Amino acid sequence: MKASKVIDTPIATATKLDMDDSGSPINQTMYMGIIGSLLYLTSSRPDIVFSVVLCAKFQSNPKESHLKAAKRISRYLKGTQDLVLYYPSGDNFNLIGYDDADYAGYLVDRKSSSGMAHFLGSRLISWGTRKHNSVSLSTTEAKYVAATSCCAQLLRIKQ
């Protein structure tokens with residue numbers, strides 16, 4: 001990885017990882033080690049959460065395409081070592097939540113996924129992604145499920 005080129009996004013926008021039954025298998029233990037290390041980094045790098053979780057779904061039967069995606073995340077991290085979470089001082093304590101949904105983005109079972117971020121003033125205090133439990137029939141339904149989940153998390157934080 002020392003000689004590899006840096007890249008400016010953790011995953012390409014057109015990347016759609018699936019089971020890749022025709023791909024060549026790779027060492028599962030090595031792949032799980034890479035994913036474990038990346039999962040550890042997600043606690044301080046929310047910008048890689050989506051990409052790492054997407055790659056982690058294929059730990060039971062990793063293929064060359066999954067390893068390529070995981071290596072891309074490592075190349076992104078190499079080029080963004082100076083990115084940090086910044087918490088400025090101030091007296092603004094408004095609790096704000098943002099969410100977004102990806103309609104039927106998981107190609108294996110066509111379930112939607114959503115992501116959310118919660119801020120206390122201008123400070124990021126919580127973030128997360130999750131795959132929906134049910135298959136949404138429309139983009140609107142997927143966004144409604146994401147908004148409901150985001151509001152539920154905001155209520156938990158407020159309590």
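Computed from a predicted model, the values in this text were never measured in an experiment. These numbers come from the heavy atoms of this one structure, side chains and all, not from hydrogens, waters or symmetry mates.
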- Task: Using a strict 4.0 Å threshold on nitrogen-to-oxygen distance, state whether D100 and K143 make a salt bridge.
- Result: yes
Taking atom [atom1] of [X] and atom [atom2] of [Y], what is their separation to the nearest 0.5 Å?
X	Y	atom1	atom2	result
I157	I125	CD1	CD1	4.5 Å
L95	F93	CG	CZ	11.5 Å
S149	Y144	OG	OH	12.0 Å
W127	S43	CH2	OG	7.0 Å
Y76	I48	OH	CD1	8.5 Å
Q153	H118	CD	NE2	5.0 Å

Kindly indicate whether the side chain of [X], heavy atoms from C-beta on, has any atom under 4.5 Å from the side chain of [Y].
X	Y	answer
K158	L154	no
L67	I34	yes
L41	L77	yes
P46	L124	yes
S4	K78	yes
P10	R72	no
R75	V6	no
T9	T13	no

Test your reading of the model: is there a side-chain donor-acceptor pair from [X] to the backbone of [Y], 3.5 Å cut-off?
X	Y	value
N92	N94	yes
S138	E141	yes
T42	L39	yes
Q28	Q59	yes

- F119 and Y98: aromatic ring centres closer than 6.0 Å? yes
- Message: Looking only at the side chains, is there a donor atom on one of S136 and R110 sitting less than 3.5 Å from an acceptor on the other?
- Response: no
- Task: Looking only at non-hydrogen atoms, find the nearest pair between A142 and A101 and report the distance.
- Result: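 That closest heavy-atom pairing would be O-CB, 3.5 Å.
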- All heavy atoms of V52 vs all of I73, minimum pair found to be N-CD1, 3.8 Å
- Task: Kindly determine whether H132 and S113 satisfy side chain to side chain donor-acceptor pair (under 3.5 Å), including the steps that lead there.
- Result: CA-CA 6 Å; H132 296 182; S113 59; over 6 Å; no
- Residues which pass side-chain contact (heavy atoms from CB on, under 4.5 Å) with K63, listed by chain and number, not counting sequence neighbours: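 For K63, the residues satisfying side-chain contact (heavy atoms from CB on, under 4.5 Å) (neighbours in sequence not counted) are D20, P25, N61, S65, H66.
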- Message: Would you say L54 ends up clustered with M19 if hydrophobic residues are merged whenever their side chains have heavy atoms under 4.5 Å apart, either directly or through other cluster members?
- Response: yes
- Partners meeting side chain to side chain donor-acceptor pair (under 3.5 Å) with K111 (sequence neighbours left out):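 Side chain to side chain donor-acceptor pair (under 3.5 Å) list for K111, sorted by chain: empty.
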